[in-house]
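Notes follow once the structure below has been shown.
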There are 2 protein chains.
Amino acid sequence: MSSLTSPQNASASQLKDPSQGFVQAAPAQQGRPSYHHGDLRQALLVAAKQLIAEAGIENLSLRRLAERAGVSRTAPYHHFSDKNDLLCAIAAEGFRRRHQMATLGFDDPAKTMLEKFEDYVLGYIQFAVDSPEEYELMFGRSIWKQQNSTRELRDVAYPCFQHQVDMVRGWQACGLIAGDNPLRTSQVIWGALHGMAKLLIDGIYTDSAQIEEMSRCAIKLFVNNSAYPIDK
Amino acid sequence: MSSLTSPQNASASQLKDPSQGFVQAAPAQQGRPSYHHGDLRQALLVAAKQLIAEAGIENLSLRRLAERAGVSRTAPYHHFSDKNDLLCAIAAEGFRRRHQMATLGFDDPAKTMLEKFEDYVLGYIQFAVDSPEEYELMFGRSIWKQQNSTRELRDVAYPCFQHQVDMVRGWQACGLIAGDNPLRTSQVIWGALHGMAKLLIDGIYTDSAQIEEMSRCAIKLFVNNSAYPIDK
DNA sequence: CAATACATCTTGACAGTGTCAAAATGGCTC
DNA sequence: GAGCCATTTTGACACTGTCAAGATGTATTG
């Protein structure tokens with residue numbers, strides 16, 4: 001009785017495209033008030049992303065999620081072995097989305113290497129600030145701690161990191177960025193971006209008005225100034 | 001009856017010195033099995049740090065903490081308004097400890113500016129890796145999100161950040177580090193260190209064997225190579 | 001010393017959580 | 001149609017943070 005207030009069977013389809021933002025509205029589906037949901041897994045992922053965007057990861061409970069999806073408390077356990085498993089699946093989507101964004105930016109032949117690096121930095125920060133809750137989930141503690149990470153998550157995240165290394169290799173090859181070890185260098189650069197993103201997201205002595213300025217400062221610091229003098 | 005297994009009245013004194021590491025054993029105190037604990041607040045902080053070091057922040061519950069301190073479930077609420085309040089207090093201790101470490105390193109007149117910077121980088125990473133759970137608490141989500149941070153925490157953390165800005169100002173003044181805006185530059189550098197620390201702590205495509213190498217790489221990237229050539 | 005105020009600690013209770021076990025349900029293949 | 005099996009539900013358990021009310025000491029008055 002009391003659960004009638006929540007929408008029933010808010011199923012969703014065609015969620016494969018990761019380039020359209022974090023939260024997507026589930027397309028209205030003409031009533032399927034059947035016992036079996038149809039595509040509960042996707043519906044749960046959609047509802048979870050909504051809830052996370054609304055109230056943060058730490059306020060996501062499986063029970064509220066189930067209620068939002070119009071389903072009983074334990075139904076999700078037939079699609080995700082665990083709460084952690086669910087979170088990993090959402091994070092994996094985030095990595096796919098981020099990976100695609102980064103690839104699109106880097107493969108544009110019209111851009112110079114410097115422009116690609118600038119776009120990479122700006123894009124990274126913007127990605128984090130635009131969907132802070134998703135970002136926090138992707139790089140937060142619970143997912144990566146100990147053996148928490150799912151095989152799927154690792155399989156998706158690794159190419160994402162690897163791509164960063166490859167890009168850095170390219171920037172080093174043309175002299176844009178100093179140093180010789182692309183792996184180490186990209187660990188430092190990723191670290192810087194991650195740290196800045198965290199400062200911005202949590203508002204620790206910073207706010208979103210400083211995004212541009214902080215990014216420019218980072219670019220200036222990392223770009224080899226003798227080879228690529230930056231005026232601005 | 002069943003709670004007799006946990007030690008009663010494990011009180012602690014002289015915990016002011018923050019330079020002796022994260023977890024400190026509570027000095028044995030000849031039985032004070034009285035109704036009033038004596039210094040429950042300190043005992044709780046000590047026990048909390050133990051539990052966090054043992055099982056991580058996310059596994060710290062106030063009830064287990066109370067049991068460890070030999071006290072009833074709700075006793076902690078007379079010393080901390082909240083679980084969040086407790087966590088903030090522990091984090092504040094961490095910031096005090098870190099601040100003191102950084103100050104000691106920077107004020108040593110025997111060191112060159114380059115050495116100070118090297119020590120700062122190494123020291124930061126080492127601090128994080130040595131007590132990962134405390135580090136995660138200090139810079140983790142829950143503490144800083146929204147209005148979660150206590151006034152005490154902010155009052156302690158701010159000088160810690162400010163000190164980093166001052167150090168960067170010094171390094172820029174002598175030409176060791178490029179750029180002109182100490183605040184922005186220190187945000188980038190702190191970010192890099194934080195990101196590296198997180199990678200190391202969570203073991204994301206890294207492990208502690210690479211601490212030295214990653215730190216050296218960061219130093220090389222940030223130090224103005226034309227003014228301060230680094231051979232190594 | 002006695003009485004009272006106050007800080008501290010305890011017991012009881014409540015709503016909320018993740019997750020397991022067993023039963024119910026309904027679409028699928030023979 | 002019968003039966004299999006994925007899916008969903010109801011019930012239950014241990015655990016969590018936190019509030020309210022009572023119990024117990026310590027300190028401060030008279």
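Below, read A as the first sequence line, B as the second, and so on, with proteins coming before strands; counting in each chain starts at 1.
Rounded to whole Å, the distance from CG on Leu60(B) to P on dC15(D) is 16 Å. Between the NZ atom of Lys83(B) and the P atom of dC19(D) there is a distance of 14 Å, given to the nearest Å. Look at CG on Leu62(B): it is 11 Å from P on dC19(D), rounded to the nearest Å. Asp85(B) has its CG atom 14 Å from the C1' atom of dG17(D), to the nearest Å. One atom, CG of Leu44(B), and another, P of dG17(D), lie 13 Å apart when rounded to the nearest Å. Remark: C1' of dA7(C) and CZ of Arg41(B) are 15 Å apart, rounded to the nearest angstrom. The separation between Arg64(A) atom CZ and dT17(C) atom C1' is 10 Å, rounded to whole Å. In this structure, Glu67(B) places its CD atom 13 Å from P of dT11(C), rounding to the nearest Å.
Across all strands shown, Ser72(B) has heavy atoms under 4.0 Å from base atoms, whether or not it also approaches the sugar-phosphate. Using a 4.0 Å heavy-atom criterion, one finds that Leu65(B) contacts no nucleic acid atom at all.
At least one donor-acceptor pair under 3.5 Å links the side chain of Asn84(A) to the backbone N or O of Asn148(A).
If you check dC9(C), dT16(D), dT18(D) against the side chain of His78(B), the one that comes closest is dC9(C). Distances were taken from every side-chain heavy atom of Ala75(B) (C-beta onward) to each of dT16(D), dT18(D), dT10(C); the shortest belongs to dT10(C). For Val71(B), counting side-chain heavy atoms from C-beta on, the closest listed nucleotide (dG17(D), dC9(C), dT9(D)) is dC9(C). Side-chain proximity of His79(B) to dT19(C), dT18(D), dT8(C): nearest is dT8(C).
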Do any N or O atoms of the protein come closer than 3.5 Å to N or O atoms of nucleotides 12-15 of chain C, and which pairs are they?
from, atom 1, to, atom 2, distance (Å)
dG12(C), N7, Arg73(B), NH1, 3.3

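With respect to Glu54(A) and Arg68(A), a salt bridge is recorded, a charged nitrogen being found less than 4.0 Å from a carboxylate O.
In terms of the side chain to side chain contact (heavy atoms under 4.5 Å, CB included) criterion, residue partners of Ser208(A) (sequence neighbours excluded) are, by chain and number, Ile211(A). For Tyr158(A), the ring-ring contact (aromatic ring centres under 6.0 Å, His included) test picks out Tyr205(B), with sequence neighbours left out. For Thr206(A), the side chain to side chain contact (heavy atoms under 4.5 Å, CB included) partners at least two apart in sequence or on another chain are Leu199(A), Leu200(A), Gln210(A), Met214(A), Gln187(B). The ring-ring contact (aromatic ring centres under 6.0 Å, His included) test applied to Phe139(B) returns Phe95(B), Tyr135(B), Trp190(B), His194(B), not counting sequence neighbours. Applying the side-chain hydrogen bond (donor to acceptor under 3.5 Å, both in side chains) test to Arg154(B) and every residue at least two apart in sequence or in another chain returns Ser149(B).
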